[in-house]
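When reading the values below, keep in mind they use all heavy atoms of this one structure, side chains included, and skip hydrogens, waters and symmetry mates. Note on naming: letters A, B, ... go to the chains in the order of the sequence lines (proteins, then strands), and numbering restarts at 1 for each one.
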Amino acid sequence: MAEEKSLNFLEEIIEADLATGKCPDGIQTRFPPEPNGYLHIGHASSIVLNFGLAKKYGGRCNLRFDDTNPSTEETEYVENIQQDIQWLGYQWDSRHFASDYFEQLFQFAQQLIRAGKAYVDDSSAEEIAATKGSLTEPGKESPYRNRSVEDNLKLFQAMRAGQFADGEKVLRAKVDMAHPNLLLRDPIMYRIKKAHHHRTGDTWCIYPMYDFAHGQSDSIEQVTHSICTLEFIHHRPLYDWFIEQLGIFPSHQYEFARRNLSYTVMSKRKLLQLVQEGHVAGWDDPRMPTISGMRRRGYPAAAIRQFCETVGIAKRENVVDLGLLEFCVREQLNKTANRYMMVLNPVKLIITNYPEGQTESLEAEYNPEDTHAGSRELPFSNTLWIEREDFMEAPPKKFFRLGPKLMVRLKHAYIIECTDFKKDAEGTVQEIYCRYIPESRSGSDTSGIHVKGTIHWLSAPHAQEADLRLYDRLFRVENPSDESGDFKEYLNPDSLHHSKAYIEPSLAAIPSGTTFQALRKGYFCADRDSQAGQPVFNSTVGLKDAWAKEQKKA
RNA sequence: AGUCGCAUGGUGUAAUGGUAGCACUACAGAUUUUGGUUCUGUCUGUCUUGGUUCGAAUCCAGGUGCGACUACCA
């Protein structure tokens with residue numbers, strides 16, 4: 001029974017190209033980040049796509065940094081981008097920088113000048129903008145458009161030699177000032193920028209523009225399928241034009257719609273703003289949609305990959321529900337995360353028929369979904385912490401937890417029955433009194449009693465403390481970019497809550513970066529800010545909570 | 001206004017002229033020593049008008065809606 005997996009539009013194109021012999025050496029893709037920020041979940045889509053396609057069709061995928069703008073790019077970003085890609089589980093075939101090709105690109109530019117397809121323009125940025133025309137009106141040709149090849153060659157060389165100030169001259173392609181596609185109205189190929197480049201230092205003072213770097217870099221590397229996002233679709237004719245004029249390897253560009261996630265923003269500019277203005281603690285703040293933020297939050301790489309693959313790709317605008325990402329995170333973590341008990345909002349429970357001062361050790365499995373995960377020992381005594389919300393003085397019919405005369409199972413331990421409780425002057429429950437059923441111990445229960453509910457607990461004398469960072473969605477609205485005014489007005493003021501919790505002893509020294517399930521509560525990840533004896537846990541994602549849902553309805 | 005692109009349940013994505021399917025969500029139920037997991041079931045969709053055809057989500061034409069493009073950013 002052959003399972004028919006439908007192809008996305010890029011796979012269809014590739015399979016057709018392979019079938020018609022268009023790619024005799026196999027396919028080649030590339031992931032081309034600009035090192036001016038951190039990677040986010042949108043980039044993850046592109047990574048999964050480019051590396052995934054190369055793998056699926058036995059091709060190659062390069063990492064290439066698009067570093068043609070020295071004023072925004074930094075080595076720090078290069079390193080973090082590489083780390084993120086590897087963490088996601090991918091390894092590039094070879095690593096390149098557009099800046100490696102600066103000399104070659106310069107030669108290409110001279111080639112176009114010689115062919116009468118490029119010229120040096122003395123116009124200012126304002127003049128160029130003013131003569132560009134509009135969406136409905138053609139542009140005007142520059143007075144410098146018809147310089148001789150010799151003059152152009154000489155001037156371009158002089159630009160490179162640093163004989164002109166920033167902005168004094170540019171090199172432009174000679175295409176068509178009346179073209180309906182504005183990008184083809186003599187686009188700028190090179191500008192003068194006397195800035196220090198993170199790799200080439202001060203070797204260059206002229207830098208190629210995106211349009212004269214990206215396609216040429218693809219071609220040099222023999223990229224067969226150059227995949228980018230939809231907003232570059234207008235660049236494709238220019239991409240093709242340069243390659244054709246130069247007569248170099250015919251790379252082809254294909255566009256897909258970028259991934260948007262609800263309740264967050266994805267533009268690097270906006271993310272940078274959140275970081276710089278201190279709305280978040282950094283690029284890897286667990287609330288950020290960055291790869292590093294999600295890693296710190298405790299999202300497994302496999303969940304991010306699963307998310308990208310589940311969502312798929314197409315050419316239409318979209319906003320994917322954050323709930324789908326969270327579903328993928330839960331699905332991965334359910335299989336892999338060890339379970340521990342943690343009490344977030346404690347109330348004391350005393351077992352009146354369990355000898356004061358007595359302690360016993362109970363075996364507790366780490367993960368019911370994974371028999372190889374093993375188990376740990378859990379201390380038990382007559383004084384426990386349980387979750388305040390697991391007790392109700394006057395419980396409704398379907399409340400399967402503790403209340404006067406009600407019975408529950410203490411996870412991994414005994415069945416108990418509530419016999420009494422004590423309140424303070426304000427009416428807050430102070431202590432709960434129970435009797436336990438000695439024959440009901442987990443694993444050797446001979447009591448014959450069947451209870452509906454099971455709750456988590458901690459032996460009070462053994463419990464330790466942890467700091468909790470409870471995270472919620474970064475924005476209050478589904479699509480902050482769609483709202484009027486500044487997107488920051490829509491930040492969720494409650495996206496971070498600090499809290500304390502009691503934890504079982506075996507959780508106190510868990511290595512940072514480990515994600516675990518706090519039984520019945522949710523997944524948490526030990527943060528790198530943890531200190532010996534004072535762990536810090538980030539909330540990763542909650543468990544599905546059918547009871548909470550039930551209550552909402554009432 | 002010009003050019004280009006895109007319209008399938010609440011969300012995302014299939015069906016490539018032949019039964020509109022899958023995942024998430026929502027809802028109902030079964031199982032459960034996590035009100036978790038797992039399992040079963042239910043609701044909800046082809047932007048519009050016309051054309052071609054035995055047959056149209058699919059092809060054609062018009063309309064409507066949405067998005068992108070007028071950076072010496074990528």
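- Using a 4.0 Å heavy-atom cutoff across all strands shown, A:Ile415 reaches no nucleic acid atom at all.
- Comparing B:C22 with B:U40, their P atoms are spaced 12 Å from each other, to the whole Å.
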Query raised in the report: Tell me, for nucleotides 30-39 of chain B in 5' to 3' order, what letter each nucleotide earns: B for a base near a protein heavy atom under 4.0 Å, S for only sugar-phosphate near one, - for neither?
Result: ---BBBBS--
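- Atoms CZ (A:Phe256) and P (B:U13) sit 12 Å apart, rounded to a whole Å.
- Remark: C1' of B:C66 and CG of A:Asn260 are 14 Å apart, rounded to the nearest angstrom.
- Here A:Lys521 pairs with A:Glu389 in a salt bridge; the nearest charged N to carboxylate O distance falls below 4.0 Å.
- Distance A:Leu238 CG to B:C4 P: 17 Å, rounded to the nearest Å.
- Between A:Arg316 and B:U8 there is a side-chain polar atom (N or O) within less than 4.0 angstrom of OP1 or OP2.
- We find the CZ-CZ distance between A:Arg339 and A:Arg520 to be 14.0 Å, quoted to the nearest 0.5 Å.
- B:C24 and B:C43 are spaced 15 Å apart, taking the C1' atom of each and rounding to whole Å.
- Across all strands shown, A:Arg259 has heavy atoms under 4.0 Å from sugar-phosphate atoms exclusively, and none from any base.
- Residues meeting the ring-ring contact (aromatic ring centres under 6.0 Å, His included) test with A:Trp241, sequence neighbours left out: none.
- In this structure, A:Asn318 places its CG atom 6 Å from P of B:G12, rounding to the nearest Å.
- A donor-acceptor contact closer than 3.5 angstrom links the side chains of A:Asp482 and A:Asn479.
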Query raised in the report: Reading RNA chain B 5' to 3', how would its secondary structure be written in dot-bracket notation, given Watson-Crick and G-U pairs with both distances under 3.5 Å, brackets [ ] for crossing pairs and | for partners on other strands?
Result: .((((((..((((....[..)))).(((((.......)))))....(((((..]....))))))))))).....
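- Ring centroid separation for the pair A:Tyr101 and A:Phe108 does not come in under the 6.0 Å cut-off.
- The C1' atoms of B:U8 and B:G45 are separated by 6 Å, rounded to the nearest whole Å.
- A gap of 27 Å separates the C1' atoms of B:G29 and B:A20, to the nearest Å.
- By the salt bridge (charged side-chain N to carboxylate O under 4.0 Å, His left out) test, A:Glu417 pairs with A:Arg435, sequence neighbours left out.
- Annotation for A:Arg147: atom CZ counts as buried by contact number, over 12 foreign heavy atoms lying within 6.0 Å.
- Atom C1' of B:A57 sits at a distance of 13 Å from the matching atom of B:G18, rounded to the whole Å.
- A:Asp211 meets the salt bridge (charged side-chain N to carboxylate O under 4.0 Å, His left out) test with no other residue; sequence neighbours excluded.
- With a 6.0 Å cutoff to the six-membered ring centre and a 45° limit on the axis angle, A:Arg376 counts as a cation-pi contact of A:Tyr340.
- Between the CG atom of A:Asp482 and the C1' atom of B:G67 there is a distance of 11 Å, given to the nearest Å.
- Comparing B:G50 with B:G55, their P atoms are spaced 15 Å from each other, to the whole Å.
- Using modelled atom types, one finds no donor on one side chain facing an acceptor on the other under 3.5 Å when comparing A:Gln517 with A:Tyr366.
- A:Asn479 places its CG atom 15 Å from the C1' atom of B:G10, with the value rounded to the nearest Å.
- Classified by interplanar angle (parallel below 30°, tilted 30° to 60°, perpendicular above 60°), the ring pair A:Trp204/A:Phe106 is tilted.
- Using a 4.0 Å cut-off, no side-chain N or O of A:Lys315 falls inside it from OP1 or OP2 of B:A7.
- Taking the six-membered ring wherever Trp is involved, the centroid distance between the rings of A:Tyr239 and A:His235 does not fall below 6.0 Å.
- Heavy atoms only, all atoms of each residue included: A:Ala195 and A:Pro70 are closest at CB-CG, 3.9 Å.
- Using atom P as the reference point in both B:U42 and B:A23, the two lie 13 Å apart (nearest Å).
- Distance A:Gln306 CD to B:U13 P: 17 Å, rounded to the nearest Å.
- Between the C1' atoms of B:U25 and B:G10, the separation comes to 7 Å (whole Å).
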Query raised in the report: Quick one: what's the B/S/- string for nucleotides 68-74 of chain B, heavy-atom cutoff under 4.0 Å, read 5' to 3'?
Result: BBB-BSB
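- Across the protein-nucleic acid pair, A:Leu184 atom CG and B:C4 atom P stand 13 Å apart, rounded to whole Å.
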